[in-house]
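Atoms considered below: every heavy atom in the structure, side chains included; atoms not considered: hydrogens, waters and symmetry mates. Quick note on labels: first sequence line is chain A, next is B, and so on, each numbered from 1.
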Number of protein chains: 2
Amino acid sequence: MKTNRSHCPINFALEIFGDKWTLLIIRDLIFFKKKTYGALKNSPEGIATNILANRLNLLEDTGIITKRQDPKNTKVYLYELTQKGIDLIPVMLEMSVWGATYDAKTAAPPTIIKRIKKDREAMIKEIKAALKNPQKKIIK
Amino acid sequence: MKTNRSHCPINFALEIFGDKWTLLIIRDLIFFKKKTYGALKNSPEGIATNILANRLNLLEDTGIITKRQDPKNTKVYLYELTQKGIDLIPVMLEMSVWGATYDAKTAAPPTIIKRIKKDREAMIKEIKAALKNPQKKIIK
DNA sequence: TTATTTTACTTGCAAAAAGCAAGTAAAACT
DNA sequence: AGTTTTACTTGCTTTTTGCAAGTAAAATAA
């Protein structure tokens, strides 16, 4: 059993998602509404399949996502955010604003960044609503 | 020369501080106002000295901190946040709230967490003010 | 003035994690 | 019945981390 380095809340967070891949998976689940292993592995950063499988397991173990069979296709599994995962939206938004501010070549849609800055709370609600509604999408 | 995986703002951020130590150093610079190598290495998580030196270099290279000699003691170096580093305060606050929410054994001071939730903007200003004023401290 | 301590690192080596290519098993489609 | 699709696993190399010890220069103490 692995022991915690401390109970500082920042450290607690980093022990779960302090690496180069985990938050990218969560980004895809939140902003692109990806749900399957296949969709997640097709992200532009090119995650290795063993890393993806490992991180999905860790995220499930830490209660950030759940895994279930697709009712329409028994060989497909659906990965979905729990409340604990949904509550990472504010972290993701702040990271997006920071990254968009300091990457001169940022690909972040300016309208989205502006809306985050202008009315964070509304944006958070909108993203949560989009997660529940299969029609809505935040980023295409 | 290392190439970017993508220009997604989240990925941009992760390529800089997507690991288990970098944000802990930034935490110490922001909340505990640590400025020296010695102070940083004494944090409870127990960072190895080679990792600390490496991360301080990377943070300097990416423009998040600056390094200068202590005018009172030529053998001491002072590490200080740039605007790019100060702008990580919102990210740190959201991570703190999330970590404090989901770690049953959290050591986060409840009064601080409440104030972040109640008035984020005021809290951000207060932390910035504390960084400029050598008397003020956010967390002791 | 010399010796010791303090500060900020560096070095070397073992262990763990990441990255890459290929392979597998079961369901589904042709 | 054979091929494709989906979700992984395996094996191997490279890179990163972690740990213990060492170093060099400045400051302090004897």
Query - A:Leu52-B:Ile10 co-clustered via ILVMFWY side chain contacts under 4.5 Å - result: yes

Report task. Please say whether the positively charged group of B:Arg27, taken as NZ for Lys or CZ for Arg, lies over the ring of B:Trp21, i.e. under 6.0 angstrom from the six-membered ring centre and within 45 degrees of the axis. Result -> no

Report task. In whole angstrom, give the distance that lies between atom OH of A:Tyr37 and atom P of C:dA26. Result -> 17 Å

Report task. Using the closest heavy atom to pick a nucleotide of DNA chain C for each, name whichever of B:Leu56 or A:Thr49 lands nearer the 5' end. Result -> B:Leu56

Requested in this report: Check the distance between C:dG19's P and A:Leu52's CG and give it to me in whole angstrom.
Outcome: 13 Å

Query raised in the report: Between C:dC20 atom C1' and A:Ile51 atom CD1, what is the distance in whole Å?
Result: 10 Å

Enumerate the protein-to-nucleotides 1-6 of chain C contacts in which both atoms are nitrogen or oxygen and the separation is below 3.5 Å.
| from | atom 1 | to | atom 2 | distance (Å) |
| --- | --- | --- | --- | --- |
| C:dT6 | O2 | B:Lys75 | NZ | 2.1 |

Query raised in the report: Which atom pair, heavy atoms only, marks the closest approach of B:Ala130 to B:Lys33?
Result: O-NZ, 2.6 Å

Report task. Just call it for A:Asn50: base, sugar-phosphate, or nothing, with non-hydrogen atoms closer than 4.0 Å on any strand. Result -> base

Query - Sidechain-backbone polar pair: A:Lys34 side chain, A:Ala39 backbone, donor-acceptor under 3.5 Å - result: yes

Requested in this report: Taking the side chain as every heavy atom from C-beta outward, state whether B:Lys67 and B:Tyr37 have any atom pair closer than 4.5 Å.
Outcome: no

Query raised in the report: How long is the line joining NZ of A:Lys41 and C1' of C:dA18, in whole Å?
Result: 18 Å

Query raised in the report: Nearest-Å distance, CD (B:Glu15) to P (C:dA18)?
Result: 15 Å

Report summary line: Outermost contacting nts on DNA chain D, any atom under 4.0 Å from chain A heavy atoms, listed 5' then 3', are D:dT5 to D:dG11

**Report entry** 5′-ward residue of the pair A:Gly46/A:Asn73 relative to DNA chain C
**Finding:** A:Gly46

Requested in this report: Evaluate the side-chain proximity of A:Thr36 to A:Tyr79: yes if any heavy-atom separation is below 4.5 Å, no if none is.
Outcome: no

Query - Joint hydrophobic cluster, B:Ile112 plus A:Val91, side-chain heavy atoms closer than 4.5 Å - result: yes

**Report entry** same_hphob_cluster(A:Ile86, A:Ile138) at 4.5 Å side-chain heavy-atom cutoff
**Finding:** yes

Report task. Using a heavy-atom cut-off of under 4.0 Å over every strand shown, decide if A:Lys67 touches base, sugar-phosphate, or nothing. Result -> sugar-phosphate

Requested in this report: Check every strand shown and say whether A:Thr74 touches a base, only sugar-phosphate, or nothing at a heavy-atom separation below 4.0 Å.
Outcome: sugar-phosphate

Requested in this report: Specify the separation, in whole Å, of atom CG of A:Leu58 and atom C1' of C:dA17.
Outcome: 12 Å

Requested in this report: Could you work out the complete set of other residues in the hydrophobic cluster of B:Leu78, with links drawn between I, L, V, M, F, W and Y side chains under 4.5 Å apart?
Outcome: B:Val76

